[in-house]
Amino acid sequence: MTRAYSNDLGERVVAAVSAGESTRAIAERFGIAVSSVVKWHQRYRATGSVAPGKMGGHRKRVLEPHRGFIVERINQTPHLTLHGLKTELAARGVKVSHDTVWHFLRREGLRFKKNAVRP
């Protein structure tokens, strides 16, 4: 994984752009890519800082607030399929893939019917 450049370098690059120097000349002088010069300047104009954004982290679980509804539906209708549960969630305004539903059920240890064709 690549490491972010120092903020000091970014500030010197933005200062050079503000002074009117060309992006290609700045990139050659500091030994960085032209795209880095452009992106730092864009970030500086948008946020007032050249500091990089947050890297990494964990995504919040989309279905966690709907756990009660999902458990209730599985208990009421044990033959409910993943796609059926996905459709019911979509009717409640929760747009997720069937893979997201499957991962949630597996993580929670809940069982579900695997095939709509089987009796």
Side-chain angles (χ1 to χ4, degrees):
M1 185 172 210
T2 60
R3 210 175 68 130
Y5 286 118
S6 71
N7 287 341
D8 177 55
L9 177 61
E11 290 167 0
R12 287 185 284 147
V13 167
V14 169
V17 172
S18 299
E21 196 172 342
S22 75
T23 56
R24 291 186 189 279
I26 295 168
E28 190 172 322
R29 180 164 53 126
F30 290 108
I32 58 175
V34 175
S35 63
S36 294
V37 176
V38 172
K39 288 180 182 178
W40 270 331
H41 192 244
Q42 286 174 343
R43 186 179 302 138
Y44 180 76
R45 283 184 303 181
T47 65
S49 171
V50 295
K54 181 182 172 194
M55 293 176 67
H58 296 284
R59 293 174 54 191
K60 66 177 186 169
R61 295 184 172 157
V62 178
L63 294 178
E64 195 60 43
H66 306 281
R67 185 183 191 287
F69 170 75
I70 294 170
V71 170
E72 180 184 328
R73 288 301 297 139
I74 290 174
N75 289 337
Q76 287 176 353
T77 315
H79 61 276
L80 189 63
T81 63
L82 284 176
H83 289 284
L85 187 55
K86 180 185 119 178
T87 304
E88 290 187 19
L89 286 166
R92 292 173 56 100
V94 183
K95 306 277 187 204
V96 292
S97 68
H98 75 278
D99 192 52
T100 303
V101 176
W102 183 83
H103 281 289
F104 177 82
L105 293 174
R106 182 169 179 178
R107 187 174 50 249
E108 295 292 323
L110 300 171
R111 307 190 119 251
F112 57 93
K113 185 176 178 183
K114 296 179 181 163
N115 191 335
V117 179
R118 292 185 196 152

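Proximity of Phe104 to Val62: side-chain heavy atoms (C-beta onward) are nowhere separated by under 4.5 Å. Counting heavy atoms from C-beta outward, Val101 and Ile70 have side chains that stay 4.5 Å or more apart. Residues Gln42 and Val38 are in side-chain contact: their nearest non-hydrogen atoms beyond the backbone lie under 4.5 Å apart.
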Distance-only criterion, 3.5 Å: show the donor-acceptor pairs between side-chain atoms of residues 23-35 and protein atoms not counting sequence neighbours.
unit_1, atom_1, unit_2, atom_2, d
Arg29, NH2, Glu21, OE1, 2.9

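Here CG of Asp99 is found 11.0 Å from CZ of Arg106. Values are rounded to the nearest 0.5 Å. The distance from the CZ atom of Arg107 to the CG atom of Leu63 is 8.0 Å, given to the nearest 0.5 Å. Here CH2 of Trp40 is found 10.0 Å from CD of Glu11. Values are rounded to the nearest 0.5 Å. Taking NZ from Lys86 and OG1 from Thr81, the interatomic distance works out to 10.0 Å, rounded to the nearest 0.5 Å. Note that the CG atom of Leu105 and the CD1 atom of Ile74 stand 4.5 Å from one another [nearest 0.5 Å].
Hydrophobic clustering, with ILVMFWY side chains joined whenever heavy atoms are under 4.5 angstrom apart, groups Leu82 together with Leu80.
For residues 39-51, no residue pair satisfies the salt bridge (Lys or Arg N to Asp or Glu O under 4.0 Å) rule, not counting sequence neighbours. Within the structure, the salt bridge (Lys or Arg N to Asp or Glu O under 4.0 Å) test picks out the following pairs touching residues 69-78 (sequence neighbours left out): Arg73-Glu88.
The side-chain contact (heavy atoms from CB on, under 4.5 Å) test applied to Asn75 returns Val71, not counting sequence neighbours. Applying the side-chain contact (heavy atoms from CB on, under 4.5 Å) test to Tyr44 and every residue at least two apart in sequence or in another chain returns Val14, Val50. Scanning for ring pair (Phe, Tyr, Trp, His ring centres under 6.0 Å) contacts around His103 gives an empty result, with sequence neighbours left out.
Taking all atoms of both residues into account, the shortest heavy-atom contact from Tyr5 to Ser36 is CE1-OG, 4.1 Å.
The number of heavy atoms from other shown groups lying within 6.0 Å of CZ (Arg61) does not exceed 12.
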